Protein chains: 2
Amino acid sequence: MTICDFRLAAFLPYRLAVLSERISRRLSRIYEAEAGLSMAEWRVMVHLSRCGAVSVREIHGCVNLDKPRVSRAVGRLEESGLVEKTSSPTDQRLLVISLSAAGRALLDRILPPAIAYESRLLAALSSEDRVALDRIMEKLHRVMDADPEARPRSRLDIPRDAAE
Amino acid sequence: MTICDFRLAAFLPYRLAVLSERISRRLSRIYEAEAGLSMAEWRVMVHLSRCGAVSVREIHGCVNLDKPRVSRAVGRLEESGLVEKTSSPTDQRLLVISLSAAGRALLDRILPPAIAYESRLLAALSSEDRVALDRIMEKLHRVMDADPEARPRSRLDIPRDAAE
DNA sequence: TGACTTTTGTTGCAAGTGCAACGATATCAG
DNA sequence: CTGATATCGTTGCACTTGCAACAAAAGTCA
């Protein structure tokens, strides 16, 4: 009967995990039920839509997925014809991955509802809330950045105006 | 070349997922490396420390884990001697689960560092930030609450002062 | 009482995950 | 040129997850 006053529901890591998972699962209904994509495949597709033809390594470093997960996601996407794999002419190790026409078409279909869902979330926040949320999330990331035991942040997830 | 200006790194669901996972993984070093607990087991133990002797169903409804996951977590915890399972005398279906002395001792050891890590995160925020974060998370949850396609919120995760 | 429904916890199974090891290619030192 | 080292993508494997099906116990209602 020592530590009984600790409330899991008030524990920040837990609360973040619950909220994040709730939102992610709801969002996945859009790209999973609609297009049969897993979260990893969704992230890869979205990344490709913006960053063009890139390697597995590049994707891995940008969307917070480990290498095997990216590799398998790309494999499945290629099987589905949504993505094309070419080996780089200058470096035989590298793979150049890009969206196919079908992949682009699919993304054109599922990106709008995904963005709409984000808007629905953002609409519940005031503009002050949105600014505060950005600031708070960045502050929390900074704590992790300073912690050598924490996994480093992906390159693209660091804001451009990352004033030290 | 249609939708190319969508930045995953600015997409709220993705940002929440990345931050949450980063924090969760760091936190898991405390209860995993130190005590061999998975996240599910950690949540079950913590819940038991506060809510005493409860059923699988009860845990399932409180800590955002599905029934099979709770069942298996409890099974492993029992094997490790951290938890005790008794069948209810009044209802043979029900299981009464409670921390063993060893479980309580273990929790006494790993709860302080976990709380300390949360404090480290909270210390990076101003008191205004903390208030804002509570408000923002609750607003986002409310959006999900209003969405029939979203998974409902666990009972304990709804603030007591949940003014409609 | 006796069939029907509901609830509780467990199990089966296919799919996904995380980590380490691997082969293949490229790079570099001597 | 050659051996050592590093990088890239894949694969193996043990483990976890999520969903649905399940048996057992309780509740329901004629």
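No hydrogens, no waters, no symmetry mates; every other heavy atom, side chains included, goes into these values. Please read all numbers here as calculations on a predicted model, not as lab measurements. Chain A is the first sequence line, chain B the second, and so forth, proteins listed ahead of strands; every chain is numbered from 1.
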J.: Near DNA chain C, counting only heavy atoms under 4.0 Å, which residues of residues 61-83 of chain A show up?
T.: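 Heavy-atom cutoff 4.0 Å gives A/Asp66, A/Pro68, A/Arg69, A/Arg72, A/Arg76.
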J.: Tell me, do B/Phe11 and B/Val18 make a side-chain contact under 4.5 Å, heavy atoms counted?
T.: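 Answer no - side chains too far apart.
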J.: Locate the shortest heavy-atom distance separating B/Leu95 from B/Ser87; write the atom from each residue and the value.
T.: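 Scanning both residues, the minimum pair turns out to be CD1-CA, 4.3 Å.
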J.: Between B/His60 (NE2) and D/dT17 (C1'), how many Å, whole number?
T.: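 Spelled out: NE2 on B/His60 to C1' on D/dT17 is 15 Å.
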J.: Shortest non-hydrogen contact from A/Ser126 to B/Lys139?
T.: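 Looks like N-NZ, 4.3 Å.
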J.: Quick test of your reading of the model: are A/Arg15 and B/Asp134 salt-bridged, counting only N-O distances below 4.0 Å?
T.: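 Yes.
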J.: Near DNA chain C, which residues from residues 25-33 of chain B have a heavy atom under 4.0 Å away?
T.: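 The answer is B/Arg25.
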J.: Let me check something: any side-chain donor-acceptor pairs from residues 29-36 of chain B under 3.5 Å, sequence neighbours excluded? List them with distances.
T.:
{"unit_1": "B/Arg29", "atom_1": "NE", "unit_2": "A/Glu149", "atom_2": "OE1", "d": "2.8"}
{"unit_1": "B/Arg29", "atom_1": "NH2", "unit_2": "A/Glu149", "atom_2": "OE1", "d": "2.9"}

J.: For DNA chain D, whose closest nucleotide is more 5', that of A/Ile97 or that of B/Ala40?
T.: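 Going by which nucleotide is closer to the 5' end, it is A/Ile97.
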J.: From the 5' end of DNA chain C to its 3' end, which nucleotides mark the outer limits of contact with chain B, defined by a 4.0 Å heavy-atom distance cut-off (strictly under)?
T.: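 Going 5' to 3' along DNA chain C, contacts run C/dT7 to C/dC19.
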J.: Quick one: which of B/Val63, B/Asp157, B/Leu156 gives a side-chain contact (heavy atoms from CB on, under 4.5 Å) with A/Leu8?
T.: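 In the set B/Val63, B/Asp157, B/Leu156, the residue that makes a side-chain contact (heavy atoms from CB on, under 4.5 Å) with A/Leu8 is B/Val63.
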J.: Which heavy atom of B/Arg135 sits nearest a heavy atom of A/Asp129, and at what distance?
T.: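 For B/Arg135 versus A/Asp129, the nearest heavy atoms are NH2-OD1, 2.7 Å.
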J.: Heavy atoms only: give me the nearest B/His60-B/Leu65 pair and the separation to one decimal.
T.: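 Closest heavy-atom pair between B/His60 and B/Leu65: ND1-O, 2.6 Å.
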J.: Look for any protein N or O under 3.5 Å of an N or O in nucleotides 3-7 of chain D and output each such pair with its distance, or none.
T.:
{"unit_1": "D/dT7", "atom_1": "O2", "unit_2": "A/Arg93", "atom_2": "NH1", "d": "3.1"}

J.: Taking the side chain as every heavy atom from C-beta outward, state whether B/Leu16 and A/Met137 have any pair of such atoms under 4.5 Å apart.
T.: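 Side-chain contact under 4.5 Å: yes.
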J.: I'd like to know if A/Glu138 and A/Arg153 make a salt bridge, using a cut-off of under 4.0 Å between side-chain N and carboxylate O.
T.: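 Salt bridge flag = yes for A/Arg153 with A/Glu138.
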J.: Relative to the 5' end of DNA chain C, which residue comes earlier, A/Gln92 or A/Ser38, by the nucleotide with the nearest heavy atom?
T.: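 Its nearest nucleotide being more 5', the pick is A/Ser38.
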J.: Is the shortest heavy-atom distance from the side chain of B/Asn64 to the side chain of A/Tyr14 under 4.5 Å?
T.: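 B/Asn64 reaches A/Tyr14 side chain to side chain.
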J.: I'd like to know if B/Arg22 pairs up with A/Asp145 as an ion pair, taking the criterion as any Lys NZ or Arg NE/NH1/NH2 lying under 4.0 Å from an Asp or Glu carboxylate oxygen.
T.: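 Yes, this pair counts.
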J.: Do any side-chain atoms of residues 67-85 of chain B form donor-acceptor pairs under 3.5 angstrom with protein atoms, and if so which ones, sequence neighbours left out?
T.:
{"unit_1": "B/Arg76", "atom_1": "NE", "unit_2": "B/Glu41", "atom_2": "OE2", "d": "2.4"}
{"unit_1": "B/Ser80", "atom_1": "OG", "unit_2": "B/Arg76", "atom_2": "O", "d": "3.0"}

